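This one's a predicted model, so the numbers in the text were calculated from it and none came from an experiment.
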Amino acid sequence: MKGLCVYVDGGKGHYVPAKAVMESLNEMGVETHLEEFFSYLDIKWIGKINKFYWRSMLRMPGLERKLSKHNDADSNGMELAVNMARKLCTKKLLSRLDEFRPDFIFATHPYASTILPEMLYSAGINIPVYYFATDVFSAPVATICDKLRRFYIATEEGKERVLKMGQKPDTVVLSPFPLQKSVAEGEKLSKEEARHKLGLNPSLFTLQLNLGGEGIGSLSLLKNLLKADKPMQIVILGGMDKKGTAHINEIIRNADAKNTKVSVPGFVSNVNEYLAASDIVAGRAGINTIVEAMYAHRPFLITELVYTVLPSAEYIVSHKVGWNTSDNPEEAADIVLDAYAHPEKLEEMESAFNSIPIEYSAEKLASMIVSDAASLERS
C-alpha cells in the first residue's frame, strides 16, 4: 500500500500534522510521500500569492477575522477554485499519479481536501481522500465536501460543528490529534530539568512567547513585561528572519531591564523541552501550539487570534486551561504577573488539563486511515 500526504505552505499548522502522519505511515511500512499542494499541481505562483496574502493577514488579525468570516460564508469561492483546478491542473495531476500512484491521499488543508477529490472524481479515478481538520474545534465551510472518504476531527465540539455545516454524517469520524514526533516522543522532563538542559535559570518563572511558524506576532506583551522588570525569564520562539530577531533584540536593549531575562532561540526542533521549561505559553493562537501546550499541561495565553481559531479560544477559556486577551492586549501582562506572584493558581489548573477529552497520536490516526483504505481494497 502507498499513501500521499498533502499540505499547504502557509505557516506550520497544516504542515506539522501532515508530516507527523507521513512519518507514522512510513514507519508502518506504507510508502508515503509528503507533497505541498501548489507544488504538486505545478501552480507554485498561486501558492506564492496565497502565502503572501496569509502573511499579510497575520499582521492585521482584526482585519483578517472580518475578511475570513466573509469568505467563509461564501461557498462560491471554493467552487470557482475547483473549476479552475480542473481546467489548469488535471493534466499535471494525472502525470503525477502516473509517477506515484497512491492507494489513498491524506490532506490537512481545505484546498487539497476539497479540490483533489473533485478532480479525481471528474477524471474517473477512484482514490479515496481523507481529511484531518487541523483547526480541531471547527473547520472552514470550504472543507465540506461530499467526495471525501473520511473527515477526521479531534473533538466532539468540532464534530458537531461540521455536521451542522453539512458534512455527510457517515464520513465524519472522531480521531486523535497527530502530534509531531518531538512532542509526542520527547523525553519527559520536569521544569527544572528542562530549564537546566536549555541553559535557562532552573528557579526562575518562565514564559514562552510563541510568534508562530511565520514569526509574525505582537510584541506588546514582551514590552510590558520588560517595563515591569520582575525576576523572570522570557523565551521567544518562532520562525523569525534576521530582521525580526534584530527588532526583538533592539526592544530588549532599549528596555534595559535588570531582572527580566530574555532569550530568542527562534525556530526550534526541541519544542517538547521548551514546553516542559515553561510556566505559561503565550502568543498567537496557532492550533499546533495550543494543542501541544494542552498535551504538556501548560496554560496558554492568547494574545492574537485569527478567524479559524476562534472556537479554540472558546475551548481553552471554557475548560479553564488558558486565557484570551486578543481584544484586550494590556490584560496579558497583568495575567502573567499575577501567575508570577501566585504560582499556586497555575498548579490548580492541573485538574482542568486532566479533564480535556482529546486523544493524541499520529500513529493511531495513520492506522485508522490504512485500515479504512484496506477495507476498500477488499470490497
Side-chain angles (χ1 to χ4, degrees), residues 2-11 13-15 17-19 21-22 32-57 64 67-135 139-152 162 165-168 171-172 307-308 369 373 376:
K2 297 189 294 186
L4 181 68
C5 291
V6 186
Y7 69 98
V8 165
D9 182 15
H14 307 287
Y15 168 73
K19 181 174 180 286
V21 170
M22 178 273 293
T32 306
H33 292 183
L34 181 65
E35 297 282 356
E36 200 282 324
F37 174 73
F38 293 108
S39 296
Y40 186 72
L41 294 181
D42 198 22
I43 46 174
K44 290 183 181 180
W45 61 277
I46 298 180
K48 288 180 179 178
I49 294 171
N50 178 71
K51 188 171 184 177
F52 175 79
Y53 172 79
W54 178 239
R55 288 177 65 90
S56 299
M57 289 296 98
E64 183 278 334
L67 291 176
S68 293
K69 182 178 181 180
H70 171 76
N71 293 337
D72 198 32
D74 181 12
S75 60
N76 294 325
M78 185 55 75
E79 185 176 346
L80 290 171
V82 168
N83 290 333
M84 188 171 100
R86 285 195 187 108
K87 293 177 181 178
L88 295 180
C89 306
T90 295
K91 185 176 180 180
K92 184 62 180 181
L93 175 62
L94 296 178
S95 173
R96 294 303 303 265
L97 292 176
D98 280 340
E99 296 168 9
F100 179 76
R101 182 66 178 259
D103 295 288
F104 62 85
I105 295 172
F106 172 74
T108 59
H109 192 281
Y111 292 155
S113 67
T114 302
I115 292 174
L116 289 178
E118 293 286 357
M119 292 178 71
L120 292 168
Y121 179 80
S122 297
I125 298 173
N126 189 24
I127 298 176
V129 178
Y130 300 87
Y131 171 64
F132 176 74
T134 55
D135 294 313
V141 172
T143 60
I144 305 305
C145 176
D146 61 6
K147 304 295 191 305
L148 280 173
R149 171 63 186 176
R150 291 287 182 265
F151 189 116
Y152 294 116
V162 299
M165 288 159 59
Q167 185 62 30
K168 290 167 56 178
T171 66
V172 183
Y307 174 74
T308 57
I369 296 166
L376 291 176

Problem set entry | Beyond-backbone contact of L4 with R96, side-chain heavy atoms, under 4.5 angstrom | no
Seminar exercise, completed: So CD1 of I49 and CH2 of W45: to nearest 0.5 Å the spacing works out to 5.5 Å
Exercise. Should L97 and P102 count as side-chain neighbours, where that means a heavy-atom distance under 4.5 Å?
Worked result: yes
Problem set entry | Geometric cation-pi criterion K19 and Y7, 6.0 Å radius, 45° cone | no
Exercise. Taking everything shown except K44 itself, do over 12 heavy atoms lie less than 6.0 Å from its NZ?
Worked result: no
Problem set entry | Between CG on residue L41 and NZ on residue K92, distance to nearest 0.5 Å | 9.0 Å
Problem set entry | Neighbour count >12 (heavy atoms, 6.0 Å) for atom OH, Y15 | no
Problem set entry | By salt bridge (charged side-chain N to carboxylate O under 4.0 Å, His left out) - contacts of R150 (at least two apart) | D372
Seminar exercise, completed: Output for pair (D103 CG, I369 CD1), nearest 0.5 Å, gives 13.0 Å
Problem set entry | Heavy-atom side-chain contact between R149 and T171 under 4.5 Å | no
For this session: Report yes if the side chains of V162 and F151 come closer than 4.5 Å at any heavy-atom pair, otherwise no.
Result: yes
Exercise. Does some side-chain heavy atom of F100 sit less than 4.5 Å from a side-chain heavy atom of H33?
Worked result: yes
Distance-only criterion, 3.5 Å: show the donor-acceptor pairs between side-chain atoms of residues 114-129 and protein atoms not counting sequence neighbours.
| residue | atom | partner | partner atom | Å |
| --- | --- | --- | --- | --- |
| T114 | OG1 | P110 | O | 3.1 |
| T114 | OG1 | A142 | O | 2.7 |
| E118 | OE1 | R86 | NH2 | 3.4 |
| S122 | OG | R86 | NE | 2.8 |
| S122 | OG | E118 | O | 3.1 |

Exercise. So, do Y111 and V6 sit near enough that their side-chain heavy atoms are less than 4.5 Å apart?
Worked result: no
Exercise. Where is the tightest heavy-atom contact between I144 and Q167, given as atom of each residue plus distance?
Worked result: CA-OE1, 3.3 Å
Problem set entry | CG-CG distance between L88 and L93, expressed to the nearest 0.5 angstrom | 13.0 Å
Exercise. Less than 4.5 Å apart, any side-chain heavy atom of I46 and any of M84?
Worked result: yes
Exercise. Would you call D9 and F38 a side-chain contact if the rule is heavy atoms closer than 4.5 Å?
Worked result: no
For this session: Please answer whether the main-chain N or O of A373 pairs with a side-chain N or O of Y130 as donor and acceptor at a distance below 3.5 Å.
Result: yes
For this session: To the nearest 0.5 Å, tell me how far S113 OG sits from H14 NE2.
Result: 10.0 Å
Seminar exercise, completed: All heavy atoms of F132 vs all of P17, minimum pair found to be CD2-CB, 4.5 Å
For this session: Evaluate side chain to side chain contact (heavy atoms under 4.5 Å, CB included) for Y131 paired with T143, printing each intermediate quantity in order.
Result: CA-CA 9 Å; Y131 171 64; T143 60; 3.3 Å; yes
Problem set entry | Reported OG1-to-OH distance for the pair T108 and Y152, which is rounded to 0.5 angstrom | 14.5 Å
